[in-house]
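Counting begins at 1 with the first residue of the sequence.
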Amino acid sequence: MLVNETKGLMWEGEVRFADNFIKRFLGLMFQKPKYALIFVLPMETRINASIHGFFMREAIDVIFLDSKRKIVDLAVLRPWHLYTPKRPAKYIIEGPKGMIQTLKAEVNDVIKW
């Protein structure tokens, strides 16, 4: 479950962590996203937080957070596209399309899991 603490809203889907190389490498490739996947990056930078939609089957929602879990950028990543967040990020949440809308997520909101 993801919680937008700023607005008191929840996305009640399953949350998993990309906590090893293989999970981070594969992300949500080759599958229809049914859960949110949280990436914990080694450093809070824009370049390390860059993502791609190679081998994705459909568009996904992406939330970029700083080290305080405050949203620094939001994106809908389409298959075969690249995206670099506008500000440095420490966490990336990839999930099914509609996750951002359910949370009414906006830049500066705080997200918890």
Side-chain angles (χ1 to χ4, degrees):
M1 172 184 353
L2 297 173
V3 178
N4 181 336
E5 285 205 329
T6 306
K7 296 188 172 113
L9 297 170
M10 290 186 294
W11 179 79
E12 296 192 16
E14 180 183 355
V15 176
R16 298 182 186 176
F17 287 87
D19 54 4
N20 64 43
F21 174 77
I22 296 297
K23 288 179 184 176
R24 284 190 296 271
F25 177 75
L26 291 176
L28 295 176
M29 289 191 301
F30 307 112
Q31 59 184 305
K32 181 176 177 162
K34 297 176 183 159
Y35 55 87
L37 187 61
I38 299 175
F39 296 79
V40 181
L41 306 176
M43 296 182 346
E44 188 171 326
T45 69
R46 287 184 64 230
I47 297 304
N48 283 344
S50 296
I51 58 173
H52 68 81
F54 302 150
F55 306 104
M56 296 292 297
R57 298 174 83 187
E58 59 187 60
I60 60 170
D61 281 356
V62 184
I63 302 173
F64 298 89
L65 307 164
D66 66 12
S67 58
K68 295 178 182 169
R69 297 185 184 179
K70 185 168 59 170
I71 297 175
V72 295
D73 200 3
L74 301 157
V76 174
L77 181 66
R78 296 186 326 240
W80 299 99
H81 285 78
L82 302 169
Y83 190 82
T84 301
K86 295 177 179 83
R87 297 194 345 225
K90 174 72 175 171
Y91 303 98
I92 302 170
I93 303 172
E94 294 182 353
K97 215 155 165 329
M99 178 181 69
I100 290 172
Q101 183 178 357
T102 298
L103 289 167
K104 295 191 186 324
E106 297 179 305
V107 172
N108 293 322
D109 288 354
V110 175
I111 303 295
K112 300 287 183 178
W113 50 82

Is a side-chain donor or acceptor of [X] paired with a backbone partner of [Y] at a separation under 3.5 angstrom?
X: K7; Y: K104; value: yes
X: D109; Y: T6; value: no
X: R69; Y: I111; value: no
X: K90; Y: L41; value: yes

Shortest non-hydrogen contact from [X] to [Y]?
X: R57; Y: P79; value: C-CG, 4.1 Å
X: V72; Y: D66; value: CG1-CB, 3.8 Å
X: V76; Y: A59; value: CG1-CB, 4.0 Å
X: A105; Y: I71; value: CB-CD1, 3.7 Å
X: A36; Y: M99; value: CB-SD, 4.0 Å
X: A18; Y: L37; value: N-CD1, 3.7 Å

- Task: Quick one: do I100 and I63 satisfy side chain to side chain contact (heavy atoms under 4.5 Å, CB included)? Show the steps, please.
- Result: CA-CA 8 Å; I100 290 172; I63 302 173; 3.9 Å; yes

- Could you grab the distance from atom CZ of R87 to atom NZ of K70, nearest 0.5 Å is fine?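 Reported to 0.5 Å precision, the distance equals 6.5 Å.
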
- Straight-line distance of L2 CG to M10 CE, nearest 0.5 Å: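 Spacing of CG (L2) from CE (M10) equals 11.0 Å.
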
- Given W113, F39, F64, the one that forms ring-ring contact (aromatic ring centres under 6.0 Å, His included) with Y91: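 Result: among W113, F39, F64, W113 is the only option passing the ring-ring contact (aromatic ring centres under 6.0 Å, His included) with Y91.
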
- Query: Can you find a pair of side-chain heavy atoms, one from T84 and one from R46, that are under 4.5 Å apart?
  - Reply: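 Contact flag for T84/R46 side chains = yes.
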
- Message: Measuring only between side-chain heavy atoms, which start at C-beta, is I93 closer than 4.5 Å to V15?
- Response: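 No, too far: nothing below the 4.5 Å cut-off.
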
- Applying side chain to side chain contact (heavy atoms under 4.5 Å, CB included), run through V107 and K86 and close with a yes or a no. CA-CA 11 Å; V107 172; K86 295 177 179 83; over 6 Å; no

